[in-house]
Amino acid sequence: QVQLVESGGGLVQAGGSLRLSCAASGRTFSTYYMAWFRQAPGKERDIVAQLNWRGGSTYYADSVKGRFTISRDNAKNTVYLQMNSLKPEDTATYYCAAKTIPALSNYNYWGQGTQVTVSS
């Protein structure tokens, strides 16, 4: 069992920055991947960034590439999402996710989400 708690969401004007945090607890030794997803009202949930917890490799969606950075603090079992040059289209609920079984198609643990609102 892995528990995920997100923090750092809020309201920011276009062009501003936010840093989201996701603290993992429980059986954290079994984590292979962690990722950030986002979902706007009436829209599907899409992956934003992914981190291989053990190897450190990263993946970014085209829509955020060059603006967002995913990083980790191994000692704190925490993953971060630094969001710069925010746009109104980035407005969504952001979810932290963990995958403990590499062969799974979908992530099997999720946080409750944190709201990010970008005003124009």
Side-chain angles (χ1 to χ4, degrees):
Q1 184 80 0
V2 176
Q3 295 81 43
L4 305 174
V5 179
E6 303 109 328
S7 62
L11 175 64
V12 65
Q13 292 192 8
S17 299
L18 283 175
R19 178 185 286 268
L20 305 183
S21 299
C22 175
S25 61
R27 296 171 59 88
T28 57
F29 67 89
S30 64
T31 299
Y32 284 85
Y33 297 93
M34 295 190 72
W36 289 96
F37 290 75
R38 68 185 182 186
Q39 185 171 28
K43 306 296 183 180
E44 64 183 4
R45 184 176 298 183
D46 294 324
I47 192 167
V48 175
Q50 179 181 281
L51 172 69
N52 184 307
W53 189 256
R54 305 189 180 193
S57 60
T58 58
Y59 161 85
Y60 297 96
D62 289 341
S63 59
V64 307
K65 195 172 299 182
R67 299 188 297 119
F68 291 10
T69 303
I70 188 170
S71 61
R72 63 179 178 178
D73 186 329
N74 291 42
K76 297 181 179 180
N77 290 319
T78 299
V79 64
Y80 305 94
L81 185 67
Q82 178 66 45
M83 304 183 294
N84 298 326
S85 302
L86 283 162
K87 306 174 181 179
E89 65 191 76
D90 296 319
T91 295
T93 300
Y94 284 71
Y95 297 90
C96 180
K99 184 185 294 186
T100 60
I101 304 175
L104 287 176
S105 298
N106 300 322
Y107 281 73
N108 54 322
Y109 292 99
W110 295 83
Q112 68 176 11
T114 185
Q115 179 66 36
V116 172
T117 302
V118 184
S119 62
S120 60

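This one's a predicted model, so the numbers in the text were calculated from it and none came from an experiment. Heavy atoms only: backbone and side chains are in, while hydrogens, waters and symmetry mates are out. In what follows, residues are counted from 1 in the order of the sequence shown.
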So which atom in [X] and which in [Y] form the shortest heavy-atom distance, rounded to 0.1 Å?
X: Cys96; Y: Met34; answer: SG-CE, 3.7 Å
X: Tyr94; Y: Trp36; answer: CB-CE3, 4.4 Å
X: Lys99; Y: Ser105; answer: NZ-O, 4.0 Å
X: Pro88; Y: Ala14; answer: CD-CB, 4.1 Å
X: Arg67; Y: Leu86; answer: NH1-CA, 3.9 Å
X: Tyr33; Y: Thr31; answer: O-CG2, 3.6 Å

- ring-ring contact (aromatic ring centres under 6.0 Å, His included) between Trp110 and Phe37: does it pass, once the steps are laid out? CA-CA 10 Å; Trp110 295 83; Phe37 290 75; 4.8 Å; yes
- Cluster overlap Val79 with Tyr60, hydrophobic side-chain contacts below 4.5 Å: yes
- Transitive ILVMFWY side-chain link Leu4 to Tyr32, under 4.5 Å: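 They do not share one cluster, since no chain of ILVMFWY contacts under 4.5 Å joins Leu4 to Tyr32.
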- Full working for side-chain contact (heavy atoms from CB on, under 4.5 Å) between Gln115 and Thr91: CA-CA 8 Å; Gln115 179 66 36; Thr91 295; 4.1 Å; yes
- Message: Is it true that Gln1 and Arg27 share a donor-acceptor pair across their side chains at a distance under 3.5 Å?
- Response: no
What's the spacing between [X] [atom1] and [Y] [atom2] if we round to 0.5 Å?
X: Ser120; Y: Lys87; atom1: OG; atom2: NZ; answer: 14.0 Å
X: Arg54; Y: Asn74; atom1: CZ; atom2: CG; answer: 11.5 Å
X: Leu18; Y: Gln82; atom1: CG; atom2: CD; answer: 8.5 Å

- Query: Do the charged groups of Asp62 and Lys65 touch, with an N to O distance under 4.0 Å?
  - Reply: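 Answer for the salt bridge query: yes.
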Please report, to 0.1 Å, the donor-acceptor pairs under 3.5 Å made by any side chain of residues 41-51, with sequence neighbours excluded.
residue : atom : partner : partner atom : Å
Arg45   : NE   : Gln39   : OE1          : 3.4
Arg45   : NH2  : Gln39   : OE1          : 3.4
Gln50   : OE1  : Tyr107  : OH           : 2.7

- Item | Pair Arg38-Ser63, side-chain contact (heavy atoms from CB on, under 4.5 Å): steps then yes or no | CA-CA 12 Å; Arg38 68 185 182 186; Ser63 59; 3.4 Å; yes
- With no hydrogens and no angle check, is any side-chain donor or acceptor of Glu6 less than 3.5 Å from a backbone partner on Gln112? yes
- Message: Against Leu81, only a single residue in Leu20, Val116, Val64, Thr69 fulfils side-chain contact (heavy atoms from CB on, under 4.5 Å); can you say which?
- Response: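 So the option named by the test is Leu20.
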